[in-house]
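Notes follow the structure.
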Amino acid sequence: MRIGVLTGGGDCPGLNAVIRAVVRKGVATYGHEFVGFRDGWKGPLEGLSKPLGIPEVRGILPRGGTILGSSRTNPFKIENGVERIKENLAGQGVDALIAIGGEDTLGVATKLHELGVNVVGVPKTIDNDLGATDYTFGFDTAVNIAMEAIDRLHTTAESHHRTLVVEVMGRHAGWIALHAGLAGGANVILLPERKFDVDQVAGYVEKRFQHQYAPIVVVAEGAQPLDGQMVLHNQELDAFGHVRLGGIGQWLAEQLEAKTGKEARTVVLGHIQRGGTPTAFDRVLATRLGLQAIDAAHEGDWGKMVAMQSTDIVRVPLAEATRELKTVPIERYDEAEVFFGS
Ligand code: F6P
């Protein structure tokens, strides 16, 4: 069989580990051939491909990013997009696709499968918010990067008696904020799942100063204060059609400074959370998902997404993956609240 592989959406540490596992087992165990499609769905849409064999996947296990490139191109938003993909797959003699991506990429994979394209999906997002899988690779790496930043910020915040607000990624779900905040000993954690009261946050900050320690506030980029406490920050689409978030950290630091009279600074971790080498956990998870994906393709088990459930790697219908976003359960947030302000 000739199998196309693509990576779509925001990049994520571990993508190369998936590609490597797919190709290594696909060639060595099953004797399949591979084509690497460039830049997500843009590759099959425009016929942009590159060779993908054992030599191309040597040495890529620890490398962040993706050797195939990525984009947020959606063929369903482009005229004749689906027909063009089908033509290009046929033109390159490609029988099936392994699509590695998040909600948008897998949403496209689901629809293409319904239209007769042979697809297997592999879940990816540092946000850890995809349904049907307990963990996505890239999340553990992002949490570790954010935790290290928080560790460092404690000492400088304490030296200067300042509040430090750390803005982490997470548009719709606060998994990174919750885990990095707990692991880094943050004094307040704010998530998109629960609107916060800025006066209550100021209260936690003051309490922390009373204990002679400087507060660290971790805020997810998609967190919002209670209605009426703030004019929504910029959520407009940029020139590339991406939603630009960010700004909540800066706004919050200004509010906390005004309300507590203590200097406050903001650190926006941004794309540093997505860059660099994956942790051991993410390398192993990505590898296991890749191995299961090539097994599914070899068996012709199309329309499936590979997933981690408990410690097992299983297959679920692709449609299930994108049905519901996995947000932080409120009990998990309540659990963390005991540390706020103390
Ligand atoms: O979904 C992954 C993610 O990193 C989000 O946490 C973040 O909001 C978004 O992608 C940023 O996307 P971009 O790289 O397009 O700015």
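Remember, it's 1-based here, ligands and their atoms both numbered in the order they're listed. Bear in mind that the values here come from a model prediction, so they are computed numbers and not experimental data.
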Original post:
Counting from 1, what ligand 1 atoms have a heavy atom of Gly170 closer than 4.0 Å?
Top reply: 6 (O)

Subject >> Where at least one partner belongs to residues 38-63, residue pairs that pass side-chain hydrogen bond (donor to acceptor under 3.5 Å, both in side chains), sequence neighbours excluded >> reply: Ser49-Gln92

Original post:
Would you say the side-chain atoms of Tyr30 and Asp295 include a donor-acceptor pair closer than 3.5 Å?
Top reply: yes

Original post:
Which ligand 1 atoms are under 4.0 Å away from a heavy-atom of Asp127?
Top reply: 1 (O), 2 (C), 3 (C), 5 (C), 6 (O)

Subject >> Flag for Arg162-Thr156: side-chain donor and acceptor within less than 3.5 Å >> reply: no

Subject >> His271: numbered ligand 1 atoms lying under 4.0 Å from its heavy atoms >> reply: 13 (P), 14 (O), 16 (O)

Original post:
Has the side chain of Lys86 got a donor or acceptor atom that lies under 3.5 Å from a matching backbone atom of Leu115?
Top reply: yes

Original post:
Would you say Gly102 touches ligand 1, if touching means a heavy atom closer than 4.0 Å?
Top reply: no

Subject >> Phe139 and His179 aromatic ring geometry - parallel, tilted or perpendicular at 30°/60° bounds >> reply: perpendicular

Original post:
Do any heavy atoms of Gln273 fall under 4.0 Å from ligand 1?
Top reply: no

Original post:
Any donor and acceptor pair, going by atom type alone, linking the side chain of Asn187 with main-chain N or O of Ile216 inside 3.5 Å?
Top reply: yes

Original post:
Is it the side chain (CB and beyond), the backbone, both or neither of Ile176 that lies under 4.0 Å from ligand 1, heavy atoms counted?
Top reply: neither

Subject >> Enumerated ligand 1 atoms positioned under 4.0 Å from heavy atoms of Glu221 >> reply: 5 (C), 6 (O), 7 (C), 8 (O)

